[in-house]
Amino acid sequence: MDIRQHVGVSSTMDVHRARFVPYPTSAISALAFSRSSDSGYTGAFPALRLAVGRANGDIEIWNPLKGQWVQETVCLGDGKSVDGLAWTQDPDEVDSEGTVLPGQQRLFSIASSQAVTEWDLARSEPKRKSTGNFSEVWCFAAQPRWKTSKNAQDEPRSQDMVAGCGDGTLVLLSTADNDLQFKRFLARVAGKRARCMCITYQNRDVVVAGFADSMIRIYDTRNNSQVRQMSLGIGLPGAPKNAFVWTIKVLPNGDIVSGDSNGEVRIWDGRNHSLVQRLTGHDNDCLDLVTSADGHTILSGSIDGRMSIYRQTLGEGGRKSWAKHSHRRAHSGEVKAMAAFDSKNGLSVVVSGGSDAAPMLTPLREHGKENSRSLSSLPQQPKIVSARKARLIASWWEKEISIWRIARQAAIDDVPQPEKPRKLVAKLSLDVKQAIRSVSVSADGKLLAAVTASEIKVFQLRRRTDSDGLAVRKVHAPQEFTSLGARLLSFSADAKWLAVVTPDSEVHIARFAEDPEQPKQLRCLPHTIELDRRHSKRAPSSLSEYDRALVRVAFASDSSVLVAGDVSGYLDSWVLEGHEDLTATAVDITKHDSDKVSSNDGSDAESDSSDDDDDALVIFYGQHWTDNPAGHLLPKLDSAPLALTFRPTILTAQALTNGNPGVHSTRHNPHAHSHALPPGEHRLWIMTARHEMYELDVLAGRLSDWSRRNPTAALPEAFRQIKDRVMDAVWDVAGQHQRLWLHGTSWVFMLDVGGDSMDAESVALTKKRKRKARNGNGEERSAKRHQLGSGAGDRVESERSLGPQSLTRTENGHRANIDLTRSEQNADEDEDVEVDSDLPALQLARLRSNGSKGEVARRDQGTEGQRKWWCTFKYRPILGMVPLEDATIPEEDRMLEVAIVERPI
Amino acid sequence: MAGTRHDRKLESGKTTEMVHDDGAKSSSKKRKAEFSEVAESSSKKARNRPASPMVVIRNTSGGTDAEEPTKKRKRQPVQTEAAEDVLPLPTTNSVESSATRDEGIVEEEDVMADAEEEGIFQPRTVPEEQDGSGELKEDVEMATAENAVEDEVLERGANISGEVSHTKEAERAIVLQNGADLSKSGTQQSKPQRRQKRDLELSKLSLGDHEVQRKKSEVDTNKAKHREARIEKGRLVQERAQELAREVKMLKREGLAETAIAGRHTKEVKKQKKQPAWSLSTTVAGRFINHDPIFAKDSVSGDALLITATNREILVLSVEASLAVRTYALRQGISICSFSLDNVDPESLHIVCDNGLSFTWRWSTDGSVPQDLEPRDATAVAGGRADDRAPGLLYLKKTKGNSAIWSSRSLYTASKRLDEIQTVSDGECVIAYGPELLVLGMRKDTGKKSNDYIWVELLMTTAVTCMDARVIESASTSKKDKRPARISLALGKTDGKIHLYDDVTSVFADHRQASLPTPRVLHWHREAVSAVKFSRDGSYLISGGKETVLVLWQLNTGKKQFLPHLTSEIERIVVSPEGDRYAIQMGDNSILVLSTSELKPVANFAGLQLACPVPTSSLTTSEYGHDVQYSKSVAAVLHPRHANQLLLAVPATQPNLSTAAAESRPFLQTFDIRTSRHITRQALTRNNVTDLNLGPERTAVAPPDTTLVSISDDGQWLATVDEWMPPAGDVEFLTTTFEEVVEERRKRREVYLKIWRWDEAQGLWTLSSRVDAPHARAGKQIQGAGIILALVADPVTAGFATMGEDGRVRMWKPKTRVRHGVAMKGEGDVELVEWVCKRSVELPLGAEDGRADSPVDTARDRVLFKACLAYSEDASLLAAALTSAAHTTTLVHLLDTSSGDIKATKSGLAGGEHLDHVGFLDRYFIAVVRDAVHVWDLVTDALQQRMVIPSGATLLAINSADGTFAVAVDSRVNVYKPAETRAVHKDDCHQNIAALLAGKGNKGYTLLFGDATVRTLALTGTPVRRALPDAPAASKEKELTIESAPPQGARLADDAEMPEVLALPAADTKASAAIFDEAEDDRPVVRPEQLASIFDVGQSFAMLPVRDMLEAVVGLYGRRPLVQAAA
């Protein structure tokens, strides 16, 4: 399945379409938003995240980001299906200075066991479990948040949790004091079928639970009494006698909505618990349902993949009644879980997931007016790495790593004995307890490191002499290093350094060098170092720990600068001081020379070193890592970085052949070391989750000149229309040009970042727009809203819309055309699209991009023959795109060669 | 003949005052001879009044109530004329419409009606004064003679039905005035002139003013000639009258001619002695138009009625009786587009015709006066708000590319085409739609009586196919605000979705606030939704489409209920005002009324299901291969024992597409063409009623097509031929070229000859034998079954003969199954019979056969595309002729049926031309070739006649009973006698004849038309002889001793005014007849139920025509003597 082809950009890239890489996707089994709406909050809104639980136990944290949907982190599970997810928020606290510290948001899950698990989002692993004398938990729910009542002196209380078990037991758990503890049993329902299938709080005191014996029971938690029980009655003919109450929800007005195995959605009066209405929504089991924040809309999902929407309308005689509005097949498999976030003006979306593994976004407020959108089921951090020089590709899942060697094009094209285009050269099955979180291979393919949450393993790969296979040898590393575990890791370009990010988001670095005893073997130097992160003053957040979690790490191409970015967009950077001196001691440990550093640099190391006095300074072959002196100047990004890559620089031959001249150990300074900063510019190209583009000169701590000239607005319109986020970037510096190949799950985009003004026109226009926006703030806002929509897909085109989108009204012979598509909130702003209307160039680009299907390209008239950008959607879904290199071709003739790994459907 | 059929519809000719004024004069001059000079004397009186038959009718029948309209008319003569003009007179019921076949009577009554109208009505007893009718009969004949000369007769010939109403009135008059005298000379006077006037009116209407002028001049030039003829004919008339009188006296002596019916019969008897006259009957049956039927209630009896229309008449159907109560026929050539009940007066029906005129008909009363006759050019009508002054109707007018909504003035001009219009809440809201457009109108100010609407036009993204609106009145009961609180709208779309808007009133809001909510989407239908309706309480939505499933959507719960397997596509759904019934108009030309509670059928109005003729071009190469060109002919046959029963192969749904699936005819419909009633329908082949009807490619699965039907002489055996080929898509993967596709399909063709036995107990045809692939394909060793080109029944014994494309004639005979020498008996002690091929004769090809050296060519050349097969009357000879692609000369082979030998082969018979049909009549062999009919005398072996006919699609029917044969070319039909050169009768039906059938009796010929109408061409006055097999020779009328006729019953049957009393007198009649029988000597015992079967048909309108009733009674009472005579 290796299809080698030239991409149509004047043959500047060779693409191997690799479809052989297996990667299992796992069904979505639970979904939860960290909050369901904007209402009921005073002050700043707590962070909004979506937790996606999968059948293999993974929990993904997505950031809706006003409709841009970024997969931020993945918490790897233990293989047990996540059956339920719930978020709570601790009560707000007021610190000594009187500032309100928002209560921390906590995520809990259940997974077909007796335990309720709390997750440490910052570490991406389970934090604590609560088990008790009850059978496996089938469902659970969090108590509604405490609302300050008139009785102001009431202490804000934490949210309890109620769990429904397979034996009919209802358990109350307390989350108070940042803990998770068994509180008491709420009820025990006897009977063979008394399995609690679903549970929810009607208010803070009343719990509504649905059972497998087609009963809905209501309990008061204050006195442990059963308030009422309602029966669904006998199921439809042919169906099992007992209907399962699959799901139960409560509308804002207290009415109870249940979905059952007959496909019916029933609405029960919240006060007298009488059946208000029965709606046949599905032909099969209705597995989950969600309600809108205003309580006028219900969506339900069924086992056949359909989602039905119900709306409350005025019925006969002005009575309010519910009616099924429409249904749509949203998933190819069943709809297992649904979650809704509904705010009045911003995001209003229903997320559903099922066995097809892809989260589906369905507009809620704008249902019927906006399209649904499917997010990718693939991990957004590519689970594929390559050793470009060795032409190796490695992919991993669970505890296995597979390594393939991709044949050179020349070798394949040779007629006599064509080489197989690819070959599985090694398959590693690691003896680890948890699943592999990440893998990195050095560019020369000699070192491979794999990490789990608790282990770091490094292997040396060598080509076998007798066969094509690889010989794998475990590289010994210090125990204290390997037992750290990691979430991210990266080899430097020269394969000497390995940076790992521990679950706690600490950055550690190990040095690899040839074993002096066995020259062919590589070893890890016995000491590793931890790099300190800067402690920036952060705004209070409801996910304060999580916000510090590092998500991307990158080495500069000369391996002398390391940058890591975290969820909230802060960057940490470190530089390698000094020059490599192989004659020096491999590891030279000294006390921290903070005074000297500060005195030498004379600037601002106090914040860095204030609490690190006890740390020793470790010098490897005359080099040591230290904080980037300009690190504090680096701006905070608007959102988490998704693509973090240094612009390759052509290495100038080092004039100094050996060591660090002028650095001599003295008595006073026994561990003399160079403080020379790496030479040259280290330009870091960043694309954030909002698809904002920056290039930072890391050592100078500012935007590079190129970035100043080419802000995000300079990106072509075609790129800005792409909804899927960028996953990775590959540099193409062959020849004279400097190109960046970006890719998402469904697209590959080439940007020429060598020259300036990739779209000078649009930059100018954008500036104009910005100015204009400043003048008329309302317009800008509405334009943005118009663009973003309610968080799902674009607006439905008129041809596919349900009803007419405009009407002609005639009164007294006067005709008027009325557009029906505008949404209510900006019905008074007639000119909401006017902002864009004066941008001919953008419109042109938009026009072009709409016109062609597969590939979009724009040729700048000024530079003949040089495409500024190029885009294709023909590869999908893309698991990863990794560079390869053919060493046999002279460097100047080399063109970029990549392997695009697609996941066959 | 048709000239005499000239009827009230002719008065629909539009006339002006001028024409009218001198109408009497000119008409008295011009008139056709049949009405002779008698017209003169009364013409003066007639001149003073507009000839308004309807008014007259009221005078005579209703008495006082007619006074007013008469006066009104006098005051506004012009308007009255206009009112007359389109209109076609209401036909009261079908009894009379059938009765009109009885020409003499019709004429007579017609005249009487005229007499009454002139105010010179003189009562008389018909039996006493037979002269009048005799005279009229004469007129009829003469008119027939005239037909050959006068072209314009054709127009009149078509206008039969209008006369019918008068017939009834006249009959009533007869009954009422029984015993009084009739001055016959006076009675007839007004008629000719009025006729002429009507002719003029008609011609004006249809041809335009200049045509009228032309006609006028024509009239003048012909005056002299006509006068002479009149004198001549007048004498003849007198003679005839005397003759008839004598006849009557004689019959009277025999105690027969007591009543009008009897008199009528005697007249017929008499007529037969004389030269019979051919006449074309009124049209029966027809196809329901694509319009929602309307539920109504009989104001008197409270019976549920359904008002609907066929292409030629408006029908008021009784749900209780499943019969038409009243009909109102339009002039031929005009059809109804739309109709709507008046909002205020629910007994008024507003009708819009396709010629642009509209009028109002009071459907509740019989004699109705068309009102509000205006040329509106409208295509649809809906009741608007009732106003004191104006009826407030809303019309849709079509212009080029768009439509306008009109009331008294143009209200709104839409940007695109609109098809239907609906008003809700008394015209407060108007909704009209076309495929691309939905127009909503809301009355602006409810207080004022203005017609100011706010119009909203919505362009539809998917085409709308059907719509229903429902109003939910505002909760506040203030009378002032009639404005609906909410308007729910359901739109059926072509993609099978139903969009349901709970409330569309928001679209009328001001510019800024106007909005349209997202609709509810109800999606079950796979294909376009044909009909959607709200239930009365709004809790259900009822929809139907091509799936033949009625879907009931429970709107509150989202549940769906289904009524599947309705056998035919649903076209229209109507909910009764009480909500207790649904009327479902279906694709098989039927309307089914269901009760809403249990979804059980309450009534079924099934029409004749003759499929629309599909143009031949659509059935060319793709279906049958490029070298075989043959069009589907109607597979129909008349039952030999029940001459009024038509058996025809019908499709499940009227095809509106020419696809194989739509055109195949898997069912057999039995239809009574006399009462225009559907009798049964049964499946002949596999069909898609309960099976999946869509293939995996979503193409419709085609059931086999029944191509040929034949019935044995005794009516016990029915033979059908059905064929089926896989669709081209299923074999395309095997082949590369189109020819190969055709060949592959042929290889897989399935052809079955099925022979069915009549099961009296079940009233069904039960399959007796099935012969798979009875004929091979032309050419040797070619896979697949060959087409059967001809199927004929043995005229004497049970047996059939088929001819296939392999050039063979096979004769099929029943063979009793024998086991151990004992005949096997099946259920009901019926001998088990299997049909076997007794003889198989391969017909030699023509002289060109020598070319067979090239086998490929032979195979292709031998493909027959036309074959003719006919039995001689005594079944001793079988004529077979085949036309193949290679041979231009058609040979006719005469086969001895007993030996199977080819007795003779003649090429001259067919004249060496394209042979279309062959047949035997007595000693003559008739061959219809292109452009000519050849009559060959088999005894002398010489060409007896060669009649030139126009070229066109020909049809041949042979009626051995009266020794005639009929040839139809396109719309014209000629009746010939083999010995005569000239046609006995010529007629033009103005529409292409789809089938020409001859019954076993002497009913003449039955003509089937593409619009599912049926007409009969018969010898008027010919008594019906039931062609009983045991008394075939009892044809002489003298042997047909008429024992008795129930006078009272017959008379009552006549009287359609009193349907409710009908049953009792009929019973009385039976009783009295029985007593009478007993009192007499050896008269046959007629059981009451036998009589009841004739008289007790429920409603008066379902009764047989008087003549047929008499025949039936005579058949009962005259049976035994016949048997005795035979013995």
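In the text below, chain A, chain B and the rest are named by the order of the sequence lines, each starting its count at 1. For clarity, every value in this text was computed on a predicted model and none was experimentally measured.
The part of B:Leu555 that comes within reach of chain A is its backbone (N, CA, C, O), which places non-hydrogen atoms under 4.5 angstrom from that chain. Within the 4.5 angstrom heavy-atom criterion, only backbone atoms of B:Thr413 (N, CA, C, O) approach chain A. Proximity to chain A (any heavy atom under 4.5 Å) is restricted, for B:Phe508, to the backbone atoms N, CA, C and O. At a 4.5 Å heavy-atom cutoff, the contact between B:Asp502 and chain A is made by side-chain atoms alone.
Considering all non-hydrogen atoms of both residues, A:His325 and B:Pro519 come closest at ND1-O, 3.3 Å.
Rounded to the nearest 0.5 angstrom, A:Arg266 CZ and B:Thr557 OG1 are separated by 11.0 Å. If you take CG on B:Leu459 and CG on A:Leu807, they are separated by 10.0 Å, rounding to the nearest 0.5 Å. Here OG of A:Ser326 is found 11.5 Å from NE2 of B:His523. Values are rounded to the nearest 0.5 Å. To the nearest 0.5 Å, atom CG of residue B:Asp503 and atom OG1 of residue A:Thr313 are 10.0 Å apart.
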Residues A:Glu264, B:Lys559; criterion side-chain contact (heavy atoms from CB on, under 4.5 Å); working and verdict: CA-CA 9 Å; A:Glu264 281 188 357; B:Lys559 276 194 167 57; 2.8 Å; yes

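By a heavy-atom distance cut of under 4.5 Å, A:Leu279, A:Thr280 are the residues of residues 279-300 of chain A near chain B, going up by number. Residues of residues 525-532 of chain B placed with any heavy atom under 4.5 Å of a heavy atom in chain A are absent; none qualify.
Partners of B:Thr518 under the side-chain hydrogen bond (donor to acceptor under 3.5 Å, both in side chains) rule, at least two apart in sequence or in another chain, are A:Arg311.
Screening residues 411-438 of chain B for ring-ring contact (aromatic ring centres under 6.0 Å, His included), with sequence neighbours left out, gives B:Tyr412-B:Trp455.
With hydrogens and angles ignored, the 3.5 Å screen pairs no side-chain donor or acceptor of A:Arg809 with any backbone N or O of B:Glu457.
Note: A:Gln277 leads A:His327, A:Gln277, A:His367 in heavy-atom pairs under 4.5 Å with chain B.
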